[in-house]
Amino acid sequence: MTELGIGEALISILQEDGTPSVVRRAKILPPQSMMGAIDQTVRQREIENSFLHTKYGTMIDRDSAFEFFQRKFKQLAQEEEERKEEEEKKKAEEKAAREAQKEAERQAKEEAKEAERKAKEEAREAEKKAKEEAREKEAVTRARKQAVSSMAKTAGGTIGREVGNEIGKSIGGSFGKRLGGNLGASIGRGLLGTLFGK
């Protein structure tokens, strides 16, 4: 090793059977690249002229397993949330339908009660009106009967008095006339009053 010069080294390589060869002296080539920074134009040209540029020139951000499962879990969570919202919406609609049905039934009952109340009130009014008309008719009939009876009694009393006067006068003179007139008037009023009603 003390005899090695600049740019030399002792190397050993693997043989075909995988065993290392005997150590030998070898020359080491110096670096062929620049020992400094290159400008952006040269850098871009070298990148574009490389055979690896066709494969690695376009950056592709492929899905990782973490991103895949994160997206899957997010989708499942969203589907679950939508399912719950749909169930809640369905329950709310069913509840609203039940409440609407109850309200309709309540209104129908109230309307039926109101119709029944109006029918009873109308029946009472009709009955009251019929009774009033019957009373008025009865009052008219009674007044007519009273008028006829009064007229009959008056006429009977007058006729009876005249007849009694004549009969009493022929029998007992003026006293008989007076007595016969009173008796005839009483008998005439009684007969015609009984005949035409009291």
Side-chain angles (χ1 to χ4, degrees), residues 59-198:
M59 185 176 65
I60 299 175
D61 186 13
R62 290 187 173 88
D63 272 350
S64 64
F66 173 77
E67 292 172 334
F68 172 79
F69 285 114
Q70 189 179 29
R71 187 172 58 253
K72 188 68 175 177
F73 291 150
K74 185 177 180 180
Q75 181 181 357
L76 291 175
Q78 184 176 358
E79 290 177 355
E80 181 66 16
E81 185 177 355
E82 290 177 354
R83 185 185 65 80
K84 288 182 179 180
E85 289 179 355
E86 186 68 22
E87 288 181 355
E88 291 177 357
K89 182 179 179 181
K90 186 177 180 181
K91 288 180 180 179
E93 290 177 352
E94 291 176 353
K95 183 178 179 182
R98 287 194 300 269
E99 291 179 353
Q101 184 177 1
K102 288 182 180 179
E103 181 65 20
E105 291 176 354
R106 186 185 64 80
Q107 290 183 356
K109 288 181 179 179
E110 289 182 356
E111 290 176 357
K113 287 182 180 179
E114 182 66 17
E116 184 179 359
R117 186 188 64 79
K118 286 184 178 179
K120 288 181 178 179
E121 185 176 352
E122 289 176 357
R124 284 195 300 269
E125 289 294 330
E127 185 179 358
K128 182 179 178 181
K129 186 176 180 181
K131 287 181 179 180
E132 290 179 354
E133 290 177 353
R135 282 197 298 268
E136 290 177 358
K137 186 176 181 181
E138 185 180 355
V140 170
T141 303
R142 189 166 54 249
R144 186 181 297 115
K145 285 183 178 181
Q146 288 177 353
V148 171
S149 177
S150 177
M151 290 175 62
K153 287 180 179 180
T154 302
T158 303
I159 295 172
R161 186 179 301 279
E162 291 297 326
V163 173
N165 285 338
E166 292 298 326
I167 294 173
K169 181 179 179 181
S170 62
I171 295 175
S174 60
F175 177 75
K177 179 180 179 181
R178 189 182 312 112
L179 183 61
N182 292 335
L183 183 60
S186 178
I187 292 172
R189 283 195 298 270
L191 288 175
L192 292 180
T194 302
L195 181 61
F196 292 98
K198 295 180 178 179

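Position 1 is the first residue of the sequence; numbering continues from there.
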Say you draw a straight line from [atom1] of [X] to [atom2] of [Y]; how long is it, rounded to the nearest 0.5 Å?
X	Y	atom1	atom2	answer
Glu125	Lys118	CD	NZ	13.5 Å
Glu136	Lys129	CD	NZ	10.0 Å
Glu121	Glu116	CD	CD	13.0 Å
Arg117	Glu122	CZ	CD	10.0 Å
Glu82	Lys89	CD	NZ	12.0 Å

### Task
Using side chain to side chain contact (heavy atoms under 4.5 Å, CB included) as the criterion, point out the one residue from Glu110, Lys102, Lys109 that pairs with Arg106.
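When side chain to side chain contact (heavy atoms under 4.5 Å, CB included) is applied between Arg106 and each of Glu110, Lys102, Lys109, only Glu110 qualifies.
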### Message
Could you tell me if Gln107 and Glu111 have a donor-acceptor pair between their side chains, going purely by distance under 3.5 Å?
### Response
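The criterion, which ignores hydrogens and geometry beyond distance, is not satisfied for Gln107 and Glu111.
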### Option among Glu87, Glu85, Glu81 that satisfies the salt bridge (charged side-chain N to carboxylate O under 4.0 Å, His left out) test with Arg83
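For Arg83, the salt bridge (charged side-chain N to carboxylate O under 4.0 Å, His left out) test succeeds with only one of Glu87, Glu85, Glu81, which is Glu87.
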